[in-house]
Amino acid sequence: MQINVVLPLCAYLILIFALSFYSYTRPRTGSFLNEYFVGNRSMGGFLLAMTLTTTYIGASSFIGGPGAAYKYGLGWVLLSMIQLPVVWLSLGVLGKKLAILARRYNAVTLNDILYARYQSRLLVWLASLSLLMALIGAMTAQFIGGARLLEIAAGIPYDAGLLIFGLSTILYTAFGGFRASVLNDALQGLVMLIGTILLLIAVVYAAGGLTQAVEKLIDIDPNLISPQGSEQRLDLPFMASFWVLVCFGLIGLPPTAVRCIAYRDSKAVHQGMILGTIVVAILMLGMHLAGVLGRAVLPDLKIPDQVIPTLMIMVLPSFAAGIFLAAPLAAIMSTINAQLLQSSATIVKDLYLNLQPDQIKNERKLTYISSLSTLILGLLLLLTAWYPPEMIIWLNLLALGGLEVIFLWPLLLGLYWEKANAYGAISSMMTGGVCYTLLVSFNIHLGGFHPIVPSLAFNLLAFYIGNQFGDRKQTVSP
């Protein structure tokens with residue numbers, strides 16, 4: 001164990017817990033559900049930008065993405081910039097309409113909004129169970145990324161690192177709620193920005209400058225500097241699929257959508273769109289570029305996901321490495337707390353209170369159940385992350401795709417198509433889920449596209465067809 005790396009990391013974790021304790025002891029200004037799950041809808045523009053960015057950017061962007069750039073080359077850096085407009089799209093498409101609907105019906109989860117719009121308990125149950133299954137996969141990838149960081153950069157064994165990282169994240173999420181999550185997201189976003197910039201500068205210096213780094217990449221494999229990348233992996237169908245999967249499709253991602261109902265006013269939305277897009281640009285370009293240039297410094301890594309933690313130890317002084325190890329760790333923690341809180345909200349609000357609606361005023365019991373469900377789910381995730389795959393990016397993308405095929409069209413068409421009804425939404429969810437599962441399970445790529453593309457096309461068609469059989473009177477106008 002590298003003590004000089006571990007000590008500043010411990011100080012960072014203490015700061016995280018201090019913010020969570022502050023949130024836990026802060027006087028509540030609204031009901032428990034509004035306070036714990038959406039922070040009483042009080043976020044300003046800066047916090048909105050940071051929480052949206054850090055919720056989206058996690059292990060895949062700080063560990064898996066740079067690992068893929070290390071393996072495939074500069075083409076993957078170009079590909080990663082497809083994600084640039086994700087905050088702008090999310091707030092521009094969802095922001096105001098979703099917030100108005102959420103305030104009208106006092107909704108604290110995405111499923112609350114879907115029920116208010118479609119008036120279908122079956123839809124809520126399908127959405128809730130699908131969300132939990134997909135988020136388990138997504139959070140498992142984040143836990144693996146955090147443990148690998150501690151393993152490589154701090155010399156902590158994978159199992160011990162998983163316990164330290166996992167328990168820390170679970171505890172501060174369980175007891176701090178949404179407000180703790182957002183405050184920590186702001187801190188973590190700043191750490192991510194500083195860490196990304198300094199790490200990229202250090203990697204370029206270690207490689208002998210940009211020109212020498214590129215020359216080394218050419219010596220290793222000339223395809224590393226081509227748009228198609230090593231192994232000619234990055235063809236047009238792959239890039240189109242990637243854009244759908246990690247940019248357009250994220251409009252329907254529940255943890256992102258929840259952020260769009262928790263801001264304070266229109267000014268916060270406009271500020272969040274601008275600041276969030278700038279932050280995404282810096283983080284995406286910086287981390288992926290560090291990953292590919294890192295191959296000029298470390299040409300023989302067996303596991304690509306190890307490139308960022310290994311570079312941090314190699315190109316930074318040990319104490320500085322401990323400070324900036326917090327950057328990718330912050331990215332992962334902020335993503336997990338959003339997903340874990342979303343899962344807890346689904347269990348408590350969408351499932352438990354649907355079965356026991358008379359308990360909605362029993363705030364003491366709801367507090368207990370919310371914290372307990374977060375703790376239990378987090379512990380289950382630790383078990384699923386115990387035996388990790390070689391590259392976590394594919395696990396994370398698989399889970400993201402599962403969420404998108406379930407939620408994208410019911411949410412988007414529910415907001416913008418007045419005739420959309422529950423029959424269409426349920427048909428879309430079921431068709432998308434079955435189609436995506438089959439295509440992924442049998443590794444079928446229609447036309448060379450990732451399964452997300454035909455799945456979204458089929459379930460859009462299913463929405464339209466199912467909608468013809470529904471009763472318009474069963475829905476509420478958006």
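Counting begins at 1 with the first residue of the sequence.
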Original post:
Do the side chains of N111 and L114 get nearer than 4.5 Å, heavy atoms only?
Top reply: yes
Subject >> Point-to-point distance, once rounded to the nearest 0.5 Å, from CE of M81 to CG of L79 >> reply: 11.0 Å
Original post:
To the nearest 0.5 Å, how far apart are CG in L283 and CD1 in I278?
Top reply: 12.0 Å
**OP:** Determine the sole option in V405, T437, L438, L439 for which the side chain to side chain contact (heavy atoms under 4.5 Å, CB included) test with P451 is passed.
**Re:** L439
Original post:
To the nearest 0.5 Å, what is the distance between CG (L84) and CD1 (I282)?
Top reply: 10.5 Å
Subject >> More than 12 heavy atoms from other groups under 6.0 Å of OH on Y464 >> reply: no
**OP:** Using modelled atom types only, decide if a donor and an acceptor are shared between the side chain of S80 and the backbone of V77 within a distance under 3.5 Å.
**Re:** yes
Subject >> Other residues, nucleotides, ligands: >12 heavy atoms within 6.0 Å of M430 CE >> reply: no
**OP:** Return the minimal non-hydrogen interatomic distance between A296 and L217, and the atom names on each side.
**Re:** N-CD2, 4.1 Å
**OP:** Give a yes or no on whether the backbone of A268 and the side-chain of Q271 come within a donor-acceptor separation of less than 3.5 Å.
**Re:** no
Original post:
Do you know which two heavy atoms are closest between G402 and A134, and how far apart they sit?
Top reply: C-CB, 4.5 Å
**OP:** Provide the closest heavy-atom pair for T431 versus F458 in the form atom of the first, atom of the second, distance.
**Re:** CG2-O, 4.0 Å
Original post:
Should the pair W243 and F248 be assigned to parallel (<30°), tilted (30 to 60°) or perpendicular (>60°) ring geometry?
Top reply: parallel
Subject >> Atom pair CH2 (W409) and CD1 (I251), whose distance is rounded to the nearest 0.5 Å >> reply: 8.5 Å
Original post:
Considering only heavy atoms from C-beta outward, does the side chain of M50 approach that of L190 to under 4.5 Å?
Top reply: yes
Original post:
Are side-chain heavy atoms of L167 and L379 found at a separation under 4.5 Å?
Top reply: yes
Original post:
Side chains of L131 and F407: closer than 4.5 Å at any heavy-atom pair?
Top reply: yes
Subject >> Under 3.5 Å donor-acceptor, S428 side chain and N459 backbone >> reply: yes
**OP:** Using the side-chain contact (heavy atoms from CB on, under 4.5 Å) rule, take V297 and Y205 through it: C-alpha gap first, then chi angles, then the decisive distance, then the call.
**Re:** CA-CA 10 Å; V297 181; Y205 179 80; over 6 Å; no
Original post:
Between N223 and Q228, is any pair of side-chain heavy atoms under 4.5 Å apart?
Top reply: no
**OP:** Flag the pair W76 / F242 as yes when their ring centroid distance falls below 6.0 Å, and as no otherwise.
**Re:** yes
Original post:
What's the spacing between L411 CG and K97 NZ if we round to 0.5 Å?
Top reply: 11.5 Å
Subject >> Polar side-chain atom of Y70 near backbone of L298 as donor-acceptor pair, under 3.5 Å >> reply: yes
Original post:
About how many Å separate CG of L52 and CG of L275, when rounded to the nearest 0.5 Å?
Top reply: 11.5 Å
Original post:
Judged by atom type as modelled, is there a donor-acceptor pair below 3.5 Å linking the side chain of Y416 to the main-chain atoms of V93?
Top reply: yes
Original post:
Mind checking whether P410 and M429 have side chains closer than 4.5 Å, heavy atoms only?
Top reply: yes
Original post:
Looking only at heavy atoms, what is the nearest atom pair of Q83 and M284, with distance?
Top reply: OE1-CE, 3.3 Å
Subject >> Atom of A290, atom of L200 and distance for their closest heavy-atom approach >> reply: N-CD1, 3.8 Å
**OP:** Check L198, V292, L289, L293 against V203 for a side chain to side chain contact (heavy atoms under 4.5 Å, CB included) and give me the one that passes.
**Re:** L293
Subject >> Heavy-atom closest pair, residues G276 and V87 >> reply: CA-CG1, 3.9 Å
Subject >> Residue pair I465, S427: steps toward the side-chain contact (heavy atoms from CB on, under 4.5 Å) verdict >> reply: CA-CA 8 Å; I465 294 173; S427 299; over 6 Å; no
